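Lettering of chains follows the sequences in order, A, B, ..., and the numbering in each one begins at 1. Worth knowing before you read on, the calculation uses all heavy atoms, side chains too, and leaves out hydrogens, waters and symmetry mates. Because the structure is predicted, anything quoted here is derived from the model rather than measured.
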Amino acid sequence: MDDRTYTADAEPGDTVTVAGWVHEIRDLGGIAFLILRDTTGKIQVKLEKDEMDDDLVETALDAHRESVVTVTGDVEKEERAPTGVEITPDSVDVVAEADPELPLDPSGKVDADLSTRLDNRTLDLRKDEVKAIFEIRAEVLRAVREQFRELGCTEINTPKIVATGTEGGTELFPITYFGEEAFMNQSPQLFKQLMVGSGLERVFEIGPIFRAEEHNTPRHLNEATSIDFESAFIDHTGAMDACEAVVQAAYEGVEENCQEHLEALDMAEEFSAPEGNFPRLSYEEAIERVNATGELDEQLVWGDDLSTEAEHALGEAVGEHYFVTDWPSEIKPFYIKDHDDDEELSTGFDLMHPSLELVSGGQREHRYEHLIEGFEQQGLEPEAFEYYTKMFRYGMPPHAGWGLGAERLVMTMLGLGNIREAVLFPRDRQRLSP
RNA sequence: GCCCGGGUGGUGUAGUGGCCCAUCAUACGACCCUGUCACGGUCGUGACGCGGGUUCAAAUCCCGCCUCGGGCGCCA
């Protein structure tokens, strides 16, 4: 395959071998066309029955859709061909025959349910618009990584098999680890905190998280990809600055490098990176604004969490990405630090897309005594987390950070109706395979 | 976890008690067609999730199971 030419690179005058899938065969009688598709696009192969070798024509026309073929021949300029060029073949080989009946239609003429598509993801990703989602996802991750490096972060990888969870054992997948009870980690939270106290100071991780919640919604996964950031010597406002930079970098990367894929998704015109800083609403301002919309049957009072309905009302009112800051301490986790001058108020923050929560973060509690108290107040035994807490006795700097759901970022960026669209092989309440 | 709505050829659908040995599109098979680009034309193959019940009669009504989607809770 050394001499294989991508369809997009086939120039008139070249003699090439192209390799790919039979997208379609149009047999007009005396002449027929085989449309060959590879990762770069499609090219038309001309088959003139009277003028070409019978075996060659028969081989080509007998190939089923989606069979893998190689075609060697001369590339010619041809205005009547869809891409302006056409191959006149010297040889056609069927490398891998496809069954005539396909479980879904990669040409996209007939829709398939998401479930059918996920069961046949390989075929599903032969469609340009589906492939585009994952090309864009890859660009998002690339741009995010680059932005983290610009922010002076070191990329880390922390264990996914753990002895204890982050906030208790309620939503963890239990596994057996050489006869011992263990869990799939729900968040790198504790590990990344341990690393800000190390010589690394400022870290990020992009990796899987596992949540055993039995939810069944278009925005939850039981295995998701978390984009995590944590840095020493910054507070929650510094963490929000970093968050803004990373989210914007993701959008900008896609805008700059993915026009073709945006076109495949038919959103090239409307797509634009968010500009400027995201509004930072305090929790108090947020509930006032929600109440002012009059969308809710019952007014929110201080201490209420924002319901899905409230999030939507607020998102519509704000109309762009926004932070919600200064949450009541009681509805944020124990490892989030309270404000020094008001311990009813937490430094926790969320980054919201108008339609969905993307990020949760805050300044962390770095004071040993307060941390131990926090564990006890949550009803957790600090002893179980000694590997974590003891490092707070050996010089843990003030620090802050956040976690961003990669799939949620891609989902909201592309306006996908279901988060499963943003994962190759989603894991949800009823899907464990493929 | 609670609530709601679905499951009909390979795929996507129409059909809400007899008019249905089930509609349409696409795919598949056969034949015709020398410039298609969702090629076109003729003919054909192919389906009511599983189990039980009601009824003279069930794709259609009832029950259970399986399965898919959605809303909420909660969250990334």
| message | Between B/C62 and B/G17, how far apart are the two P atoms, rounded to whole Å? | response | 12 Å
| request: Give, for atom CZ of A/Arg149 and atom CD of A/Glu155, the distance between the pair rounded to the nearest 0.5 Å. | output: 8.0 Å
| Working for ring pair (Phe, Tyr, Trp, His ring centres under 6.0 Å), residues A/His339 and A/His236 | CA-CA 10 Å; A/His339 280 283; A/His236 57 292; 5.3 Å; yes
| task | Could you tell me whether A/Glu86 contacts a base, only the sugar-phosphate backbone, or nothing, with contacts defined as non-hydrogen atoms closer than 4.0 Å? | result | base
| With a non-hydrogen cut-off below 4.0 angstrom, is A/Leu28 in contact with a base, only sugar-phosphate, or nothing? | base
| said: Of the listed nucleotides (B/C72, B/G35, B/G70), which one gets closest to any side-chain atom of A/Thr308? | reply: B/C72
| request: Start with the C-alpha distance between A/Phe278 and A/His353, add both sets of side-chain angles, then the distance that settles ring pair (Phe, Tyr, Trp, His ring centres under 6.0 Å), and finish with yes or no. | output: CA-CA 10 Å; A/Phe278 302 146; A/His353 177 274; over 10 Å; no
| said: Using a 4.0 Å heavy-atom cut-off, does A/Asp27 contact any base of the nucleic acid, only the sugar-phosphate backbone, or nothing at all? | reply: base
| task | Have a look at A/Arg219 and say if it touches a base, only the backbone sugar-phosphate, or nothing, with a 4.0 Å heavy-atom cut-off. | result | base
| request: Take A/Arg431 and A/Asp119 through the salt bridge (charged side-chain N to carboxylate O under 4.0 Å, His left out) test and state the conclusion after the steps. | output: CA-CA 10 Å; A/Arg431 181 173 290 274; A/Asp119 284 339; 2.8 Å; yes
| message | Using the ring centroid of each side chain, check whether A/Phe349 and A/Phe323 are separated by less than 6.0 Å. | response | yes
| message | If the cut-off is 4.0 Å, is A/Ser226 near the phosphate of B/A76, judged by side-chain N/O to OP1 or OP2? | response | no
| said: Counting the benzene-type ring for Trp, do A/Phe271 and A/His261 have ring centres under 6.0 Å apart? | reply: no
| remark: When every non-hydrogen atom of A/Leu296 is compared with those of A/Ala313, the smallest separation belongs to CD1-CB, 4.2 Å
| query | To the side chain of A/Glu311, which of B/C75, B/C74, B/G69 is closest? | reply | B/C75
| query | Distance between the C1' atoms of B/U54 and B/G73, in whole angstroms? | reply | 39 Å
| request: Pick the C1' atom in B/U60 and in B/U8, then give their distance to the nearest Å. | output: 11 Å
| request: Can you tell me the distance, in whole Å, between the CG atom of A/Leu34 and the P atom of B/G35? | output: 18 Å
| request: May I ask you to verify if any side-chain N or O of A/Lys109 is less than 4.0 angstrom from the OP1 or OP2 atom of B/A27? | output: yes
| note | Re B/A14: Watson-Crick or G-U wobble partner, both distances kept under 3.5 Å, found to be none
| query | Partner of B/A30 by Watson-Crick or G-U wobble geometry, both contacts under 3.5 Å, or none? | reply | B/U42
| Ring centres under 6.0 angstrom apart (A/Phe334, A/Phe375) | yes
| request: Name the nucleic acid region contacted by A/Ser107, choosing base, sugar-phosphate or nothing; use a 4.0 angstrom heavy-atom cut-off, strictly under. | output: nothing
| Could you state the CG-P distance from A/Leu416 to B/A76, rounded to the nearest angstrom? | 20 Å
| field | Candidate nucleotides B/C37, B/C28, B/U34, ranked by approach to the side chain of A/Pro82 - the nearest | value | B/C37
| task | Tell me which nucleotide among B/G35, B/G69, B/A76 gets nearest to the side chain of A/Ala224. | result | B/A76
| For atom NZ of A/Lys42 and atom C1' of B/U36, their distance in whole Å | 15 Å
| In whole angstroms, how far is the P atom of B/A76 from the CD atom of A/Gln186? | 9 Å
| task | Would you indicate which nucleotide in B/C74, B/A76, B/G35 comes nearest to any side-chain atom of A/Glu78? | result | B/G35
| request: Tell me whether the OP1 or OP2 atom of B/G29 has a side-chain N or O from A/His64 closer than 4.0 Å. | output: yes
| task | Just call it for A/Leu221: base, sugar-phosphate, or nothing, with non-hydrogen atoms closer than 4.0 Å on any strand. | result | base
| query | When rounded to the nearest Å, what value does the distance between C1' atoms of B/C43 and B/G64 take? | reply | 45 Å
| said: Whether the side chain of A/His215 and the base of B/C74 hold a donor-acceptor pair under 3.5 Å is what I'd like checked. | reply: no
| Between B/C75 (C1') and A/Ile227 (CD1): distance, integer Å | 16 Å
| Under the ring pair (Phe, Tyr, Trp, His ring centres under 6.0 Å) test, residues paired with A/His23 that sit two or more places apart | none
| message | If you go through the side-chain atoms of A/Gln44, does one of them form a donor-acceptor pair with the base of B/U36 closer than 3.5 Å? | response | yes
| Given that both distances must come in under 3.5 Å, which nucleotide forms a Watson-Crick or G-U wobble pair with B/C72? | B/G1
| Whole-Å C1' distance, B/C61 and B/U55 | 9 Å
| Between atom OG of A/Ser231 and atom CZ of A/Phe148, what is the distance when rounded to the nearest 0.5 Å? | 11.0 Å
| message | Using whole Å, what does the distance between atom P of nucleotide B/C72 and atom NE2 of A/His312 come to? | response | 7 Å
| Rounded to whole angstrom units, what separation is found between the CE atom of A/Met352 and the P atom of B/C75? | 12 Å
| said: Checking contacts here: which listed nucleotide (B/U34, B/G69, B/C75) is nearest the side-chain heavy atoms of A/Asn418? | reply: B/G69
| field | Counter-base of B/C50, judged by Watson-Crick or G-U geometry with both distances under 3.5 Å | value | B/G64
| said: Just to verify, which of A/Lys127, A/Arg126, A/Arg65, A/Arg117 counts as forming a salt bridge (charged side-chain N to carboxylate O under 4.0 Å, His left out) with A/Asp105? | reply: A/Arg65
| note | Regarding the side chain of A/Phe33, the nearest nucleotide among B/G73, B/U36, B/A27 is B/U36
| request: Considering only atom C1', compute the distance from B/G46 to B/G29 and round it to an integer number of Å. | output: 11 Å
| Between B/C75, B/G35, B/C37, which nucleotide has the shortest distance from any of its atoms to the side chain of A/Lys46? | B/G35
| Between B/C72 (P) and A/Asp297 (CG): distance, integer Å | 13 Å
| message | Work out how far the C1' atom of B/C50 is from that of B/U36, and round it to whole angstrom. | response | 46 Å
| message | Categorize A/Ala32 for me: base, sugar-phosphate, or nothing, with a 4.0 angstrom heavy-atom threshold over every strand shown. | response | nothing
| task | Using only heavy-atom distances, decide whether a donor-acceptor pair under 3.5 angstrom links the side-chain of A/Arg408 to the base of B/C75. | result | yes
| query | Using atom C1' of each nucleotide, how far apart are B/A47 and B/U11 to the nearest Å? | reply | 12 Å
| said: Generate the contact string for nucleotides 8-15 of chain B. Rules: B means base contact, S means sugar-phosphate contact only, - means no protein heavy atom under 4.0 Å. | reply: --BBSS--
| field | Base partner of B/C21, which must satisfy Watson-Crick or wobble distances under 3.5 Å | value | none
| query | When the nearest nucleotide of RNA chain B is assigned to A/Lys332 and to A/Gln430 on a heavy-atom basis, which residue is associated with the more 5' position? | reply | A/Gln430
